[in-house]
2 protein chains.
Amino acid sequence: MSTKHPKPAVHAKRPKPARRKPRADAQRNRERVLEVSKQAFTRYGASASLDDIAKEAGVGAGTLYRHFPTRDALIEAVYRTEVEKLAAAEGKFAESLPPLEALRAWMKLFVDYVEAKHIIAPALNTYAGGASKLYETSKTQISGAINALVKRAIQSGDIRKDLEPFDLLRALIGVASVASSPDWPQSAKRLVDILIAGSRPTTQN
Amino acid sequence: MSTKHPKPAVHAKRPKPARRKPRADAQRNRERVLEVSKQAFTRYGASASLDDIAKEAGVGAGTLYRHFPTRDALIEAVYRTEVEKLAAAEGKFAESLPPLEALRAWMKLFVDYVEAKHIIAPALNTYAGGASKLYETSKTQISGAINALVKRAIQSGDIRKDLEPFDLLRALIGVASVASSPDWPQSAKRLVDILIAGSRPTTQN
DNA sequence: GCTAAAGTGGAGACCGTCTCCGTATAAGAT
DNA sequence: ATCTTATACGGAGACGGTCTCCACTTTAGC
């Protein structure tokens, strides 16, 4: 074996362990699980049976758990793109609207997202019990968005200087977690207006 | 049996089925379960094992489930008194404080209650999944309280006429459901102030 | 005391979670 | 084309929680 080629380090994507290319079936299964999960979560809520999801996706339970070790990991993966879109909307609003209206529009968009996929809200909150660090990135993205919007609105003088952006976010998550009653979306949007009104500089009394 | 006494309708508490007095042991067991549940819920959250609770209370699982057919029923029973106290505080504040401050004080008291017993908030919300009608009475009590406070504050001109009291309540429940981060109580109270500021009549702009 | 109504308790059926490991298969080397 | 081996698969089964069922016990009322 002294004639063997020198290490093909030129082709290696990763310098360290010289990894092998990921298997095609693994990738396929992962996507199928994700697909089925999305439907299952919207249909049955966050407590949908994972074994059922695995079955419907045509994979064994072991496969599902290998790709997504915990329920949280799965939820996070499912809603990662949604959260990214929501965070991205911040930029668009910031460009096309005056500061205060951009903030208002984004907050109402948040409500819309939660209305469609009501699992997002608990996913952004640490939720009851386990303080998993999995949602950290999602949280960071959303925090970044509202931070930018509030900062801009403060600079333009539309919002009190001492307002904590995170307070607003917490209120938003909270309001969104309460999903009872049919007129919830209207109520949530009225609340956005109240929150913004309450965040303006105190010109009165 | 023709000599038997005439129906002792005089002593009957209930006219219809002439019920027998409830058994002493049943009452005792019920209270023990309630006692243990209260501790278990504060220690392990709303998902504490019911079988464990039964075991610790020294009763069989069957007994627990007979008294409280569902988890919700048990939670409701445990926090019924707390909710009653909270609702009762409305009267006190209404007497001793000006309308707006009474509302503010009550809302902050709400936050304090939730901080101590973080299960109250989900109990007031329908929560994810099943729309059980069990919390109806609790909800009604709390709704009544905030309704009275808001109405008074509207009449004194401190609050916009078109404000939906239930919107405020929903925000409160929502904010209270978000229990992450150590400075949550401060944040929640800042939010109460924001909500109230946002509910004032629009003298500006 | 007697008796029927009321209540008890725990075995066990059921269901969801998650692990373990023997088997299958794709990727890369020859 | 075949071999080798890292990678992935899947489902049986251990585990733990929920909830029911019913043979047995206890109590209230006479």
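By convention in this document, chain letters (A, B, ...) are assigned in the order of the sequence lines, proteins followed by strands, and residues within each chain are numbered from 1. From a predicted model like this one, the values you see are computed outputs, not experimental measurements.
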Heavy-atom protein contacts under 4.0 Å, nucleotides 11-25 of chain C, coded B base, S sugar-phosphate only, - none: -----SBBB-----B

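Counted within 6.0 Å of CD on Glu56(A), heavy atoms from surrounding residues, nucleotides or ligands total 12 or fewer; the atom is thus considered open.
Not counting sequence neighbours, Lys117(B) has no partner by the salt bridge (Lys or Arg N to Asp or Glu O under 4.0 Å) test. Residues that satisfy the salt bridge (Lys or Arg N to Asp or Glu O under 4.0 Å) test with Asp25(A), not counting sequence neighbours, are Arg23(A). Partners of Asp51(B) under the salt bridge (Lys or Arg N to Asp or Glu O under 4.0 Å) rule, at least two apart in sequence or in another chain, do not exist in this structure. Considering only residues two or more places apart in sequence or on other chains, Arg66(A) meets the salt bridge (Lys or Arg N to Asp or Glu O under 4.0 Å) condition with none of them. Listed by chain and residue number, Pro165(B) satisfy the side-chain contact (heavy atoms from CB on, under 4.5 Å) test with Asn147(B) (two or more places apart in sequence, or in another chain). Every residue two or more places apart in sequence or in another chain that forms a side-chain contact (heavy atoms from CB on, under 4.5 Å) with Ala46(B) is listed here: Ile75(B), Ile119(B).
Rounded to 10 degrees, the angle separating the terminal axes of the helix from dG1(C)-dC30(D) to dT30(C)-dA1(D) is 10°, with each axis obtained from five end pairs.
Within the structure, every side-chain polar atom (N or O) of Thr63(A) is placed at least 4.0 Å from both OP1 and OP2 of dA8(D). At the phosphate of dG7(C), neither OP1 nor OP2 sits under 4.0 Å from any side-chain N or O atom of His67(B).
For residues 35-82 of chain B, the set of pairs meeting the ring-ring contact (aromatic ring centres under 6.0 Å, His included) definition, not counting sequence neighbours, is empty. Within the structure, ring-ring contact (aromatic ring centres under 6.0 Å, His included) pairs that include any residue of residues 82-113 of chain A comprise Trp106(A)-Phe110(A) (at least two apart or interchain).
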Please tabulate the protein-to-nucleotide N/O contacts below 3.5 Å involving nucleotides 1-4 of chain C, giving atom names and distances.
none

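Scanning residues 28-42 of chain A for heavy-atom distances under 4.0 Å to DNA chain D yields Asn29(A).
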